[in-house]
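One-based numbering, in listed order, for ligands and for the atoms of each.
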Amino acid sequence: ACQHRLWPEIDKVVQQQVAMARMGIGECGSGWQLFAEDGEMKMYRREEELDGMVVDPLKAVHVVKGITGHEVCHYFFTPQYRYDWETTLEQMNVLETISDDTLMFMQTHKRIWPASQRDVVFWSHIRKLPNEKDRDGPDIWTVVNNSTEHPDYPANNGKCVRIFLKVCLMCQTRVDPPKDGTPLSRENVSCKITYCSVVNPGGWAPASVLRAVYKREYPKFLKRFTAYIINQTKNKPIMF
Ligand SMILES: CCCCCc1ccc(-c2ccc(S(=O)(=O)CCO)cc2)cc1[C@H]1C[C@H]1c1ccccn1
């Protein structure tokens, strides 16, 4: 993967995104407003516009018991599971297998009235990172999705408006070993998930419509995604 033309960009964006994800909400600078909360899940956004278009950065933090960061990133990165959990997905194609940890996707998402349908081309990279805080603790796992161009799929040449996104899913596993020395089970693991995304909707859409869509879709996505992983992994060995 080192020699691929995208490698320098991938490495730069991954380092950048992980640094951002690691910062707490307080450190990320002010302006974050909590817009959704459900148990351990907290969703924040900042209201930002670019050329009159809503490009609100989103940061969600969640703690889920019984799964690990490797499992969360595995089910997020691997194409074959995506239709099971990605609620607004209409079509997904793997355009390029850049390496075993880096893929390129083309996705069309369901049209959301009154806006026109959207599509997106992005590279997706999965990576394990050393746990700097706790040397012998479980590693951190991350998936970064970043819009890119592909010669066979030029933007806005068909029915869809091309969106641009930068997404970072970063997961930190926590293990609380059983006191009585019994073997580790899923009750002893949990995962702290940080999901950061910035979506530029491409063509214009009313700010009120976009903010309503995000307010509805993001909490739905994260709840459905984490419930899916719990269900997929419950009778399988733990993936650390
Ligand atoms: C007028 C609406 C314009 C934007 C529509 C749209 C397109 C793509 C996306 C999107 C594309 C990729 C990702 S991901 O994290 O990389 C996973 C891989 O699929 C995530 C979200 C979102 C939305 C917005 C529906 C909103 C929405 C929000 C969370 C989930 C689904 N839909």
Under 4.0 Å between heavy atoms, the region of V199 that gets near ligand 1 turns out to be neither
Those atoms of ligand 1 less than 4.0 Å from some heavy atom in I112 | 25 (C)
Heavy-atom distances under 4.0 Å are what count here, so tell me which part of V120 touches ligand 1: side chain, backbone, both or neither.
-> neither
Aromatic W85 / basic R224 pairing, under 6.0 angstrom, 45° off normal = no
For the pair R127 and D11, find out whether any cationic side-chain nitrogen is under 4.0 Å from an anionic carboxylate oxygen.
-> yes
Ranked by distance from atom 24 (C) of ligand 1, the top protein heavy atom is Y214 CE2, 3.7 Å
Quick one: nearest non-hydrogen protein atom to atom 8 (C) of ligand 1, plus distance?
-> I163 CD1, 3.3 Å
In the protein, which heavy atom is nearest to atom 2 (C) of ligand 1, and how far is it?
-> L210 CD2, 3.9 Å
Interatomic distance, M170 atom CE to C73 atom SG [nearest 0.5 angstrom] | 9.5 Å
Within 4.0 Å of some non-hydrogen atom of N145, the atoms of ligand 1 are 14 (S), 16 (O)
Classify the contact between A115 and ligand 1 as side chain, backbone, both or neither, using a heavy-atom distance cut-off of under 4.0 Å.
-> side chain
Do you know which of L165, N200, V167, V199 makes side-chain contact (heavy atoms from CB on, under 4.5 Å) with S147?
-> L165
Between the candidates F221, Y195, Y218, which shows the shortest non-hydrogen contact distance to atom 20 (C) of ligand 1?
-> Y195
Closest approach of any protein heavy atom to atom 13 (C) of ligand 1, naming residue and atom = E86 OE2, 3.9 Å
Between V209 and ligand 1, which part of the residue brings a heavy atom under 4.0 Å of the ligand: side chain, backbone, both or neither?
-> neither
What part of F76, side chain, backbone, both or neither, has a heavy atom within less than 4.0 angstrom of ligand 1?
-> side chain
Can you confirm whether something in the protein, heavy atoms only, sits under 4.0 Å from atom 18 (C) of ligand 1?
-> yes
First locate atom OH of Y83, then atom CE of M92, and finally report the distance between them rounded to the nearest 0.5 Å.
-> 4.5 Å
CD of Q17 to OG of S197: how many Å apart, nearest 0.5 Å?
-> 9.5 Å
Intermediate values then yes/no, ring-ring contact (aromatic ring centres under 6.0 Å, His included), F35 and Y44 | CA-CA 6 Å; F35 77 89; Y44 303 85; 8.5 Å; no
Any atoms of ligand 1 less than 4.0 Å from a non-hydrogen atom of V167? List them with their elements.
-> 15 (O), 16 (O)
Do side-chain atoms of K128 reach the backbone of T142 as a donor and acceptor pair under 3.5 angstrom?
-> no
Protein contact to atom 31 (C) of ligand 1 [nearest heavy atom, distance to 0.1 Å] = T88 OG1, 3.3 Å
For L165, the ligand 1 atoms whose distance to one of its heavy atoms is below 4.0 Å | 11 (C), 12 (C)
Just let me know how L89 lines up against ligand 1, side chain, backbone, both or neither, with a heavy-atom cut-off below 4.0 Å.
-> neither
For atom CD of E49, is the number of surrounding heavy atoms from other residues, nucleotides or ligands below 6.0 Å larger than 12?
-> yes
Below 4.0 angstrom from a heavy atom of V213, which ligand 1 atoms are there? Numbered from 1 as shown, please.
-> 25 (C), 26 (C)
Verdict with reasoning, E90 to Q117, per side-chain hydrogen bond (donor to acceptor under 3.5 Å, both in side chains) | CA-CA 10 Å; E90 184 174 275; Q117 188 169 24; 2.9 Å; yes
Please write down residue, atom name and distance for the protein heavy atom closest to atom 27 (C) of ligand 1.
-> E217 CB, 3.4 Å
Any Lys/Arg nitrogen of K223 or E217 sitting under 4.0 Å from an Asp/Glu carboxylate oxygen of the other?
-> no
Evaluate whether atom NZ of K65 has more than 12 neighbouring non-hydrogen atoms of other residues, nucleotides or ligands under 6.0 angstrom away.
-> no
Flag, side chain of T88 to backbone of K110, donor-acceptor distance under 3.5 Å | no
Part of Q107 within contact of ligand 1 (heavy atoms, under 4.0 Å) | side chain
Of all protein heavy atoms, the one nearest atom 10 (C) of ligand 1 is H109 CE1, 3.9 Å
